[in-house]
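I have placed the structure first, in the form of structure tokens, so that the comments after it can refer back to it.
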There are 4 protein chains.
Amino acid sequence: MDFNEHKPIYLQISDTISDKILSGEWIPGERIPSVRELGSTLGVNPNTIMRTYDYLQNIDIIFNKRGVGYFTADDARDKIVDLQRREFLNEELPLIQKKMSLLGIDPCELFKCQNS
Amino acid sequence: MDFNEHKPIYLQISDTISDKILSGEWIPGERIPSVRELGSTLGVNPNTIMRTYDYLQNIDIIFNKRGVGYFTADDARDKIVDLQRREFLNEELPLIQKKMSLLGIDPCELFKCQNS
Amino acid sequence: MDFNEHKPIYLQISDTISDKILSGEWIPGERIPSVRELGSTLGVNPNTIMRTYDYLQNIDIIFNKRGVGYFTADDARDKIVDLQRREFLNEELPLIQKKMSLLGIDPCELFKCQNS
Amino acid sequence: MDFNEHKPIYLQISDTISDKILSGEWIPGERIPSVRELGSTLGVNPNTIMRTYDYLQNIDIIFNKRGVGYFTADDARDKIVDLQRREFLNEELPLIQKKMSLLGIDPCELFKCQNS
DNA sequence: GTGGTCTAGACCACC
DNA sequence: GTGGTCTAGACCACA
């Protein structure tokens, strides 16, 4: 795993975890690696993983069983899709549309939709 | 003006300046506000504006006349369009398309293009 | 049974056992479930139950007959009432009163006592 | 400042900050000490203060101006009262009532409300 | 100067 | 074994 970008590592890890859940690699309701385990797998300090897990727990994607470990929430998949959809439609899309209109780019043409 | 987002403030200001030039609010070749002036207008430290102007000068959108002030380049508009088009098509668009397909969003429907 | 709270699980179990004794569900002097049994009932590691029983034995609420099992003490009920009364009045009550006054909550109104 | 209890230090600090806001020592909308400053004042690592501020920011009690510092929210006071009231009425009160009834303590008598 | 992230290493309570 | 908290110290970008 590479951490090129400006984004904090703990959020990049969070993203890849979301991807793993979306793609079905990590099953909702199942245990995920311990902070130490994932830390050594990714070559990252356990504290950093802790931060990732903290973040994901705050948005109810994963939860903790005391002394046992972290588990993906049963509805983790739906939550992720929902979160990302909402963010895309509310935050990113307006900016994209504004930019396209300023740059004179026609979305219909761009996406090769056929106008009748 | 709010600067809540993760992007550095000096780049956010740079973006709004580009927008002002694109939209015709700021005319190519004309003088733009001084660092201090714009700083107090936006409620931002002059150093931050300095960084913005530095950045815009590096990509030849604005230039400086010593002791006089900053001016928009004559071809500022074209340069901005060119820069942003290239960045949008090469960098952002692929990510947008990937995300839309993952989230099951149909661009043609989204932009209300008529499919025949 | 959920163990989401911050209190250690073994103490939470201890609390519910006290409640069972207070409410008469568990009779003083009688045998209580084995560590393994209660563990599987609650979906909890037997070690955790062991800790609970250890704790309850220390404060003389239950006792152990080697090779036979754990039993509630004959005077378990009185002991629990005594312990909890003292703790409640000395430790918790002052904090509760302070908090209610800070938050502007009137205990008399809260508990629907009639003021004449 | 003493940190006797089992509660994490960063939450204890959070509590004292809430108290400072409630009591009017810290005014809503004003800047609060930097992480380093408060850290050295309290004899605590800046990282720990960072955690406190992170927590308080998450629940919208304070907010951050980039490169400038942290500020108390304009409605910080109301938010705190609201949060604490809700927590008390929903979480603590039911437990208190249950306990009092099990222990045979009469709230009206306890709080010296006059029954007519 | 400010916050923010990360590491390394320690210690603790809990399961 | 698990998470959770804390420290010390470093480095970075930003204002």
Side-chain angles (χ1 to χ4, degrees), chain A residues 3 5-13 31-40 42-55 57 62-71, chain B residues 3 5-13 35 39 42-52 54-55, chain C residues 3 5-13 35 39 42-52 54-55, chain D residues 3 5-13 31-40 42-55 57 62-71:
Chain A
F3 301 112
E5 323 168 30
H6 284 290
K7 217 175 182 177
I9 293 181
Y10 80 95
L11 287 181
Q12 293 184 49
I13 296 174
R31 187 164 177 277
I32 64 177
S34 78
V35 287
R36 296 184 231 265
E37 204 178 333
L38 188 55
S40 78
L42 298 180
V44 150
N45 191 294
N47 283 339
T48 304
I49 306 294
M50 191 69 234
R51 245 183 128 161
T52 302
Y53 283 7
D54 233 49
Y55 172 73
Q57 191 172 32
I62 66 178
F63 67 96
N64 177 258
K65 275 192 202 163
R66 312 250 303 265
V68 181
Y70 278 94
F71 296 73
Chain B
F3 301 109
E5 319 172 31
H6 278 300
K7 218 174 183 177
I9 293 180
Y10 80 96
L11 287 181
Q12 293 183 49
I13 295 174
V35 167
L42 298 180
V44 150
N45 192 304
N47 287 335
T48 306
I49 307 294
M50 194 65 231
R51 262 185 110 149
T52 303
D54 245 40
Y55 172 75
Chain C
F3 301 109
E5 318 171 32
H6 277 302
K7 217 175 183 177
I9 293 181
Y10 80 96
L11 287 181
Q12 293 183 47
I13 295 173
V35 166
L42 298 180
V44 151
N45 192 303
N47 286 334
T48 306
I49 307 293
M50 194 64 230
R51 262 185 111 149
T52 303
D54 245 42
Y55 172 74
Chain D
F3 300 114
E5 323 170 32
H6 284 290
K7 217 176 183 178
I9 293 181
Y10 80 95
L11 287 181
Q12 293 183 49
I13 296 175
R31 186 163 177 278
I32 63 177
S34 77
V35 287
R36 295 184 232 267
E37 204 178 333
L38 187 55
S40 79
L42 299 180
V44 149
N45 190 293
N47 284 337
T48 305
I49 306 294
M50 191 69 235
R51 246 184 128 161
T52 302
Y53 282 8
D54 233 50
Y55 172 74
Q57 191 173 34
I62 67 177
F63 67 96
N64 176 256
K65 276 192 200 164
R66 312 251 302 265
V68 181
Y70 278 93
F71 297 73

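Chain naming here is simple, since letters A, B, ... match the order of the sequence lines and numbering starts at 1 in each. All values reported here derive from a predicted model rather than from experimental measurement.
To the nearest 0.5 Å, the span separating CD1 on Ile13(D) from CZ on Arg51(D) amounts to 11.5 Å.
Residue Met50(A) is the one, among Arg36(D) and Met50(A), whose nearest nucleotide of DNA chain F lies closer to the 5' end (criterion: closest heavy atom). For the pair Asn47(A) and Lys7(B), nearest-nucleotide mapping onto DNA chain F gives the more 5' position to Asn47(A). Where Pro8(C) and Thr48(A) meet DNA chain E, the nucleotide closest to each residue was compared, and Thr48(A) sits on the side nearer the 5' end. For the pair Leu11(C) and Pro46(A), both in contact range of DNA chain E, the more 5′-proximal nearest nucleotide belongs to Pro46(A).
Rounded to whole Å, atom C1' of dG3(E) lies 15 Å from atom NZ of Lys65(D). We find that CD1 of Ile49(D) is positioned 15 Å from C1' of dG4(E), with the value rounded to whole Å. Gln12(B) places its CD atom 18 Å from the P atom of dA13(F), with the value rounded to the nearest Å. Put simply, CG on Asn64(A) is 17 Å from P on dG1(F), counting in whole angstrom units. Regarding Asp54(A), its CG atom lies at a distance of 13 Å from the P atom of dT5(E), rounded to whole Å. Rounded to an integer number of Å, the gap from Leu42(A) CG to dC6(E) P is 13 Å. Taking atom CZ of Arg31(D) as the reference point, atom P of dT2(E) lies 6 Å away to the nearest angstrom. Atom OH of Tyr55(B) and atom P of dA15(F) are 14 Å apart (whole Å).
No engagement by Tyr53(D) is indicated, since no non-hydrogen atom pair under 4.0 Å with the nucleic acid exists. Note on Tyr70(A): only backbone sugar-phosphate atoms sit closer than 4.0 angstrom, heavy atoms only; bases stay farther off. When heavy atoms are screened at a 4.0 angstrom cut-off, Asn45(D) is found touching base atoms of the nucleic acid.
At least one side-chain nitrogen or oxygen of Tyr10(A) sits closer than 4.0 Å to the OP1 or OP2 atom of dT5(E). Taking side-chain N and O atoms only, Arg66(A) has no distance below 4.0 Å to OP1 or OP2 of dG3(F).
For OH of Tyr55(C), the number of neighbouring non-hydrogen atoms (other residues, nucleotides, ligands) closer than 6.0 Å is 12 at most. In this structure, Phe71(D) places its CZ atom where more than 12 heavy-atom neighbours from other residues, nucleotides or ligands lie under 6.0 Å away.
Among dC15(E), dA15(F), dT2(F), the nucleotide with an atom closest to any side-chain atom of Arg51(B) is dA15(F). Nearest nucleotide to the side chain of Ile9(D), out of dC6(F), dG3(E), dC14(E): dC6(F).
Judged by Watson-Crick or G-U wobble contacts below 3.5 Å, the nucleotide dG4(E) has dC11(F) as its partner.
Between Leu42(B) and Ile49(B), the closest side-chain pair of non-hydrogen atoms falls below 4.5 Å. Proximity of Leu38(D) to Tyr53(D): side-chain heavy atoms (C-beta onward) are separated by under 4.5 Å at one or more points.
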